[in-house]
Amino acid sequence: MDEATLERIFTVVALVPKGRVATYGQIAQLAGLPRGSRLVGRALGHVSRDGGVPWHRIINAQGRISIPASSPAFVLQRDRLRDEGVDVSSDGKLSLKRYQWVP
DNA sequence: ATGATGACGTGCG
DNA sequence: GCGCACGCCATCA
């Protein structure tokens, strides 16, 4: 995994506006990685600590938080989204229909 | 080198 | 809407 790729990923993630969300596949695509949805997840997970990157706005294509609900990171992401006005169910599900970012 | 694994996606039943 | 099987791609044991 080269730096340039990670760089593009974070750059795209940073473009997602507050109160909106984007899917891993969406980020991958905008970053020029057609089938790199997993890479995006990996990139975010590896960095996890904030570098000013709003990783909490990234969810899977099922409109669901992709972190096991048992994880503390899950709660963090859910709460942060709620703070931005996104209605997230306790199990981490939300309406892409209403919140997905449209470039 | 090989098979298992995971912050994913799509198609089907 | 849910669970499952498969396809994808980089790591890791």
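Throughout, protein chains are lettered first and strands after them, A, B, ... in sequence-line order, and every chain is numbered starting at 1. Quick caveat: nothing in here was measured; it's all calculated off a predicted structure.
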Contacts of A:R35 meeting side chain to side chain contact (heavy atoms under 4.5 Å, CB included) (sequence neighbours excluded), chain-then-number -> none
Looking only at non-hydrogen atoms, find the nearest pair between A:F10 and A:V53 and report the distance.
CD2-CG1, 4.0 Å
Between the OG atom in A:S66 and the CD atom in A:Q77, the distance rounded to the nearest 0.5 Å is 8.0 Å
Can you tell me how far CZ of A:R82 sits from CG of A:D87, rounded to the nearest 0.5 angstrom?
7.5 Å
Quick one: are A:V16 and A:V21 in side-chain contact, heavy atoms under 4.5 Å?
no
Enumerate the residues from residues 57-80 of chain A whose closest heavy atom to DNA chain C is under 4.0 Å, giving them by residue number; use none for an empty result.
none
Return the set of residues passing side chain to side chain contact (heavy atoms under 4.5 Å, CB included) with A:P68 (not counting sequence neighbours), or none when no residue passes.
A:S70, A:S71
Using whole Å, what does the distance between atom C1' of nucleotide C:dT11 and atom CG of A:D2 come to?
15 Å
From CG of A:L94 over to C1' of B:dA7, roughly how many Å is that when rounded to an integer?
14 Å
Distances under 3.5 Å between protein N/O atoms and the N/O atoms of nucleotides 1-10 of chain C, please, pair by pair.
residue, atom, partner, partner atom, Å
C:dC8, N3, A:R38, NH1, 3.2

Which residues pass the side chain to side chain contact (heavy atoms under 4.5 Å, CB included) test with A:P103, sequence neighbours left out?
A:Q26, A:L30, A:W101
Give the rounded distance in Å between these two atoms: CZ of A:F10 and C1' of B:dA7.
12 Å
Which ones in residues 11-29 of chain A lie close to DNA chain B, meaning a heavy atom under 4.0 Å from one of its atoms?
A:T23, A:Y24, A:G25
State whether the number of non-hydrogen atoms from other residues, nucleotides or ligands found under 6.0 Å of A:Q29 atom CD is greater than 12.
no
